[in-house]
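First the structure, in the form of structure tokens, and then the observations on it.
Nothing here was measured: the structure is a model prediction, and the numbers come from that model. In what follows, residues are counted from 1 in the order of the sequence shown.
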Amino acid sequence: EYEGDRNSEGQRHGFGKALLPNGDTYEGEYECGLRNGAGTYRFKNGALYTGNYLQNKKHGKGVFFYPDGSKYAGDWVHDQRQGYGEYLYANGDTYTGEWANNRRHGQGTYVYKDTGSKYVGCWVNGIQDGPAELIHQNYRFKGRFLNGKPLGRGKFIFDIGCEQHGEYIQPVQEKEEEDEEEAPLPLEPKWKASDITKLTPWSPH
């Protein structure tokens with residue numbers, strides 16, 4: 001069902017409201033039969049998108065409310081979260097930063113609601129990867145991350161005015177005698193401290 005403007009060819013063109021066969025609704029701008037410009041799309045499952053469209057795809061600035069209570073506000077390219085945006089997760093965590101292909105990618109800040117801790121740094125395909133800072137209540141860690149875990153040289157900076165330098169080392173798996181059915185879980189990198197100093201400038205190189 002559609003009520004709204006049409007062009008001389010009878011295509012939806014201008015402003016209109018549509019009820020789609022799947023129960024979704026759209027209210028907004030059309031161009032030559034396609035959603036184009038500003039509009040609001042309500043999904044039958046309770047999700048809602050309000051923002052810009054280009055040829056039926058979410059494109060430009062827009063806000064998406066997901067059925068689980070999470071929300072994304074930011075840039076879209078061809079229906080994907082891409083560019084810069086803020087995501088509020090259902091558990092109250094937030095991410096503010098760069099996106100590519102629907103994933104956290106580039107520079108961004110992730111805040112953990114439960115602890116108040118903050119990850120500020122690089123992301124690759126949704127995973128913490130590259131130079132970053134992990135900020136806790138009264139100390140922080142500066143270093144590099146690989147596949148979501150700290151690895152290599154870095155330092156802990158304490159608010160009382162000192163630093164502990166060292167590195168995160170990936171432990172080697174112990175080989176078991178029996179063949180295990182399941183692949184063992186990768187071991188957590190272990191922190192190996194080297195020295196404690198006054199506050200110093202730091203670079204990830």
Quiz item: What residues form a side-chain contact (heavy atoms from CB on, under 4.5 Å) with Asp93, not counting sequence neighbours?
Solution: Tyr89, Asn91, Tyr110, Tyr112, Lys113
Self-check item: Partner residues of Arg42 under the salt bridge (Lys or Arg N to Asp or Glu O under 4.0 Å) criterion, sequence neighbours left out
Solution: none
Quiz prompt | Arg81 NZ/CZ over Tyr87 ring centroid, <6.0 Å and within 45° of normal | solution = no
Self-check item: Counterpart residues, side chain to side chain donor-acceptor pair (under 3.5 Å), relative to Thr40 (two or more places apart)
Solution: Thr50
Exercise. Quick one: list whatever passes salt bridge (Lys or Arg N to Asp or Glu O under 4.0 Å) with Glu188, sequence neighbours left out.
Key: Lys149
Quiz item: Within the side chain of Asn101, is there an N or O that forms a donor-acceptor pair under 3.5 Å with the backbone of Arg103?
Solution: no
Exercise. Please collect all salt bridge (charged side-chain N to carboxylate O under 4.0 Å, His left out) contacts where either partner lies in residues 8-29, sequence neighbours excluded, each pair once.
Key: none
Exercise. Supply the members, apart from Leu151, of the Ile/Leu/Val/Met/Phe/Trp/Tyr cluster built from side-chain contacts under 4.5 Å; use none for a lone residue.
Key: Leu146
Self-check item: Results of ring pair (Phe, Tyr, Trp, His ring centres under 6.0 Å) for Phe145 - residues two or more places apart only
Solution: Tyr119
Exercise. Kindly confirm or rule out a cation-pi arrangement of Lys58 over Tyr49, judged by NZ or CZ under 6.0 Å from the six-membered ring centre and within 45° of its axis?
Key: yes
Quiz item: For His165 and Ser194, what are the C-alpha separation, side-chain angles and deciding distance, and is it a side-chain hydrogen bond (donor to acceptor under 3.5 Å, both in side chains)?
Solution: CA-CA 6 Å; His165 301 254; Ser194 56; over 6 Å; no
Quiz item: Mind checking what makes side-chain contact (heavy atoms from CB on, under 4.5 Å) contact with Gln164, not counting sequence neighbours?
Solution: Phe156, Phe158, Trp191, Ala193, Ile196
Practice problem: Give a yes or no answer on whether the side chain of Glu31 reaches the backbone of His13 with a donor-acceptor pair at less than 3.5 Å. | Solution: no
Practice problem: Name the orientation class of the two ring planes belonging to Tyr41 and Tyr53 (parallel below 30°, tilted from 30 to 60°, perpendicular beyond 60°). | Solution: tilted
Practice problem: Not counting sequence neighbours, which residues clear salt bridge (Lys or Arg N to Asp or Glu O under 4.0 Å) with Glu133? List them please. | Solution: Arg140
Self-check item: Partner set under side-chain contact (heavy atoms from CB on, under 4.5 Å) for Leu54, not counting sequence neighbours
Solution: Asn36, His59
Quiz item: Can you name the salt bridge (Lys or Arg N to Asp or Glu O under 4.0 Å) partners of Asp75, sequence neighbours left out?
Solution: Lys61
Practice problem: Verify, without hydrogens or angle tests, whether Trp99 (side chain) and His105 (backbone) share a donor-acceptor contact under 3.5 angstrom. | Solution: no
Quiz item: Does Asn147 have any side-chain contact (heavy atoms from CB on, under 4.5 Å) partners at least two apart in sequence or in another chain, and if so, which?
Solution: Asp129
